[in-house]
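Written out below as structure tokens is the structure these notes cover.
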2 protein chains.
Amino acid sequence: MARDWNDVLRDHGFRITPQRQLVLEAVNSLGHATPEALLTEVQKTASAVNLSTIYRTLEVLEQVGLVTHAHIGHGAPTYHSVDDEAHIHLVCDTCSVVTSIHADVAEVFVRLLREKAGFETDVAHVSVHGQCATCVDRQKLL
Amino acid sequence: MARDWNDVLRDHGFRITPQRQLVLEAVNSLGHATPEALLTEVQKTASAVNLSTIYRTLEVLEQVGLVTHAHIGHGAPTYHSVDDEAHIHLVCDTCSVVTSIHADVAEVFVRLLREKAGFETDVAHVSVHGQCATCVDRQKLL
DNA sequence: CTGACTGCAAAAGGTTTGCAAAAAG
DNA sequence: CTTTTTGCAAACCTTTTGCAGTCAG
């Protein structure tokens, strides 16, 4: 596992660079991370790395299937390793907390979309907005 | 119906202005629209209206519950009338086409999220990424 | 060596803000 | 008249791009 990421890149005609290795490691170690957060992490090791390199690297890594991203909230997308278990992001519009839940809960939903619309859902990319348990409870008290 | 939008605003302590009326009308007539698109629409009637007014107005209209927005793709959010039937956006990551499907298909999904995570889903806000029927078919041919 | 990759700086896209003038109630 | 709302311009933040130098293969 630790050695085939570079094969994946090479197989797609990309070169192996320290920057790419660092970004990939940062994605793996941070779990969920915005480009900005990845930059900070990468710069702990290599302070000269530029933000635009992060973006370009993520594009490459995503293209070869080593990472994916999901759109949470308004601002920044978050990237995570493809190795991670498929999960869905639940974004609370009240308190902005993001929780994850196993993608299994979407099984029926995904099947319905396939049957009714011929749509193949990328489960990991889904982000669901609404109100988290905590905020729902808090609201009941008022 | 045509007359109570201003009551809604007033009840929340907001004032009635031509700009707010025009933005609301634009949201209703365009169905799905980005702030930029709304500006263009509004300017057909009142060319002096400014983009920042559009943003501020949308914020107010959303706050009082007359419109909502959804995050489709990377770029701009799209706003629509709350009167619209609840629907889910299916975003094709291959061809970028956005289709809508009635929110009923998410019923089981929403129930599961409520039961398993206590999460109350805002169905209309969900945008689902994946591959549309057309692109799925096209890929099979290759 | 040669083309892919990087750093830098500047541009672009979308959204927000401060302020003075205009309009609503 | 008082307070909100607007227009304008500038600031902001995130992402993208052009270019020249650097590095991987």
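Just so it is clear: chains get the letters A, B, ... in the order the sequence lines come, proteins before strands, and each one is counted from 1.
- With B:H80 as the fixed residue, the ring pair (Phe, Tyr, Trp, His ring centres under 6.0 Å) test singles out one of B:H87, B:H69, B:H125: B:H87.
- In this view, A:A133 satisfies the side-chain contact (heavy atoms from CB on, under 4.5 Å) rule with no residue, not counting sequence neighbours.
- Qualifying side-chain contact (heavy atoms from CB on, under 4.5 Å) partners for A:V8, counting only residues two or more places apart in sequence or in other chains: A:D4, A:H12, A:V64, A:L66.
- Within the 4.5 Å cutoff, side-chain heavy atoms of A:S100 are placed close to those of A:H32.
- For residues 19-32 of chain A, proximity to DNA chain D is found at no residue, defined as any non-hydrogen atom under 4.0 angstrom from a strand atom.
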Distances under 3.5 Å between nitrogen or oxygen atoms of protein and nucleotides 21-25 of chain D:
| unit_1 | atom_1 | unit_2 | atom_2 | d |
| --- | --- | --- | --- | --- |
| D:dA24 | O3' | A:I16 | O | 3.3 |
| D:dA24 | N3 | A:R15 | NH1 | 3.1 |
| D:dG25 | OP1 | A:I16 | N | 3.3 |

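- Side-chain atoms of A:L51 and A:I54, non-hydrogen and from C-beta on, do get closer than 4.5 Å to each other.
- Screening residues 27-42 of chain B for salt bridge (charged side-chain N to carboxylate O under 4.0 Å, His left out) gives B:E41-B:K44 as the qualifying pairs, with residues at least two apart or on separate chains.
- In terms of the side-chain contact (heavy atoms from CB on, under 4.5 Å) criterion, B:T40 has no residue partners (sequence neighbours excluded).
- An angle of 30°, rounded to 10°, separates the two end axes of the helix from C:dC1-D:dG25 to C:dG25-D:dC1, each defined over five pairs.
- For B:V98, the side-chain contact (heavy atoms from CB on, under 4.5 Å) partners are B:I72, B:H89, B:V91, not counting sequence neighbours.
- Screening residues 94-124 of chain A for ring-ring contact (aromatic ring centres under 6.0 Å, His included), with sequence neighbours left out, gives A:F109-B:F109.
- B:L9 places its CG atom 13 Å from the C1' atom of D:dT4, with the value rounded to the nearest Å.
- In this structure, A:E59 atom CD and C:dA4 atom C1' are separated by 14 Å, rounded to whole Å.
- The environment of CD in B:E85 is sparse: at most 12 heavy-atom neighbours from other residues, nucleotides or ligands sit within 6.0 Å.
- With rounding to the nearest 0.5 angstrom, the NZ atom of B:K116 is 7.0 Å from the CG atom of A:D104.
- Residues B:E25 and B:Q21 form a side-chain contact, since some pair of their non-hydrogen atoms from C-beta on lies under 4.5 Å apart.
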* **Where protein sits on nucleotides 10-15 of chain C, one letter per nucleotide: B base, S sugar-phosphate only, - none, heavy atoms under 4.0 Å** => ----SB
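- B:R15 pairs by the salt bridge (charged side-chain N to carboxylate O under 4.0 Å, His left out) definition with nothing, not counting sequence neighbours.
- Contact annotation: A:T53 side-chain N/O to C:dT6 OP1/OP2 distance is not under 4.0 Å.
- Other residues, nucleotides and ligands place no more than 12 heavy atoms under 6.0 Å from the CD atom of A:Q139.
- In this structure, A:H69 places its NE2 atom 16 Å from P of D:dT14, rounding to the nearest Å.
- Heavy atoms from other residues, nucleotides or ligands lying under 6.0 Å from CD of B:E62 number more than 12.
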With the criterion being N/O to N/O and under 3.5 Å, what pairs connect the protein with nucleotides 8-12 of chain D, and how long is each?
| unit_1 | atom_1 | unit_2 | atom_2 | d |
| --- | --- | --- | --- | --- |
| D:dC8 | N4 | B:S52 | OG | 3.4 |

